[in-house]
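Down below is the structure, laid out as structure tokens.
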2 protein chains.
Amino acid sequence: MTHEPLIEHVKNQVAARPEDLLLFASKLREVAVAKGKFLLRPNTYVKHEYFVVEGCLSAYYLDKKGNKTIVQFAIENWWLGDFDAFYNGVPSKLYIEALEDSTLLAINHDDLQTLFQQAPIFERYFRLLVTSAFISLRKRILSSLGKSVKERYMEFCESYPNIEDRVPNYQIANYLGVSAEGLSRARRKMKALKKT
Amino acid sequence: MTHEPLIEHVKNQVAARPEDLLLFASKLREVAVAKGKFLLRPNTYVKHEYFVVEGCLSAYYLDKKGNKTIVQFAIENWWLGDFDAFYNGVPSKLYIEALEDSTLLAINHDDLQTLFQQAPIFERYFRLLVTSAFISLRKRILSSLGKSVKERYMEFCESYPNIEDRVPNYQIANYLGVSAEGLSRARRKMKALKKT
DNA sequence: CAAAATGATTGACCTAGATCAATTAGGTTT
DNA sequence: AAACCTAATTGATCTAGGTCAATCATTTTG
């Protein structure tokens, strides 16, 4: 059953009773997105948050000038979605695109609210989830300010060893806020150092 | 009573019953920090999170080379603290320094866990809190990557109109990841434009 | 296998913003 | 008002990394 990895994930975070887990599972819906297809586009009202069972996706913004900025990659066992749109009921500004054929589990906004009433332990689960996402983002802010491309790339590889070789370099460059050429040069310098 | 603004803040976010609020209030402790003094220093175990009743503070990291990076300013009605250290029980790496004489309310880690048991509505309150903090951080990431100093400064002034004139420019520059000189030049260009 | 995409690397050049070093402008203190 | 501090501004360089254009490398497709 596709729900397994998510149920495991919940169990690792909080002490949920079997009936809570069953209730949760009953509200999940499976979604498949083929490589290159979109899970989410701007100017839609976002009714779901998603958990990645299998695959790899990226979330990004496009500004008026067409500049793309990737804000997140997601692979197995990551949640993704447009939190802002989902929780604040504003239209989405985000693109979410599958970089590989992907399988996700979706939970509907209203179902989630009901779940919070019926099984408050999930209030805790999502609080913990967002807290650790917040902590990671703070680390990312720290490295995006002031650090060199080389340092940022090294930190990225440490933090996301699994993503590094599933996503093309120019996408990682975008995520780091560097040009593809810039990242390429940084990597060359790193290799040169290692050989010494 | 100093608790008022925080109780108001809670009421604005969640439907807490009067007894929940009393319980919460009973766990708060008032803390005063004079201008220039520290609320938190690195290598301490963090037992509290703080709500600003009055004043202004900054939170920053110092790396090995002594480079300072301000990750947050906080004024009235903001929470601050070292989430990472508080929730994960690791030693703090953060400095929190008062930029003005400040009054805060502190909640102890264990008391908070008890509160979550006794009044799960606070699980929700803190979930909502962290979620909106996460959303703001994501916006900040977006502007720290790729945007020019001028744009970043304008966004900062829009987002934090109240902080802009309580904090010296060189601190804002640091927060934005620019040198004080760089910010000064950006501001000059902005003024030049306005006059046209 | 040839042809066509797609991604990565390199070179030549160019700008935004850093750094260093004065200078100026407001506030405080005496 | 003189003397002091702290913050902000300005000028003169310097450099990391951007941009543009071309060349390789490696997959994918017919």
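Note on naming: letters A, B, ... go to the chains in the order of the sequence lines (proteins, then strands), and numbering restarts at 1 for each one. Computed from a prediction, not measured in an experiment: that's the story for all the values here.
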Ile172(A) CD1 to dG7(C) P, in whole Å, measures 13 Å
Considering only heavy side-chain atoms of Pro168(B), the closest of dA8(D), dG17(D), dA8(C) is dA8(D)
To the nearest angstrom, the CD-C1' distance between Glu181(A) and dA8(C) comes to 10 Å
Report task. Using only side-chain N and O atoms of Asn169(B), determine if any of them is under 4.0 Å from OP1 or OP2 of dA8(D). Result -> yes
Rounded to whole Å, CZ of Arg166(B) lies from C1' of dA7(D) at a distance of 19 Å
- Do Phe73(A) and Tyr160(A) have their ring centres less than 6.0 Å from each other? no
Point to revise | Tyr125(B)/His9(B) aromatic ring centres below 6.0 Å | key: yes
Lys189(B) atom NZ is separated from dT10(D) atom P, nearest whole Å, by 12 Å
- Select base, sugar-phosphate, or nothing to describe what Gly146(B) touches, counting heavy atoms under 4.0 Å on all strands. nothing
Atom CG of Leu176(A) and atom P of dG18(D) are separated, to the nearest Å, by 11 Å
Rounded to whole Å, the CG-P distance (Asn174(B) to dA7(D)) equals 13 Å
Got a salt bridge between Lys11(A) and Glu4(A), using NZ or NE/NH1/NH2 to carboxylate O under 4.0 Å? no
Under 4.0 Å from OP1 or OP2 of dT9(D): is there any side-chain N or O of Arg188(B) that close? no
Here the distance between atom P of dA8(C) and atom CG of Asp165(A), to the nearest Å, is 12 Å
Rounded to whole Å, the CG-C1' distance (Leu183(A) to dG18(D)) equals 14 Å
*asked:* Quick check on the 6.0 Å ring-centre criterion: do Phe122(A) and Phe116(A) meet it?
replied: no
Q. Would the Phe51(A) and Trp78(A) ring centres measure less than 6.0 Å apart?
A. no
Nearest-nucleotide check on DNA chain D, Val178(A) vs Tyr170(B); residue mapping nearer the 5' end is Tyr170(B)
Ranking dA18(C), dG7(C), dG17(C) by distance to the side chain of Ser148(B), first place goes to dG17(C)
Side chain Arg185(B) and base dT19(C) donor-acceptor under 3.5 Å = yes
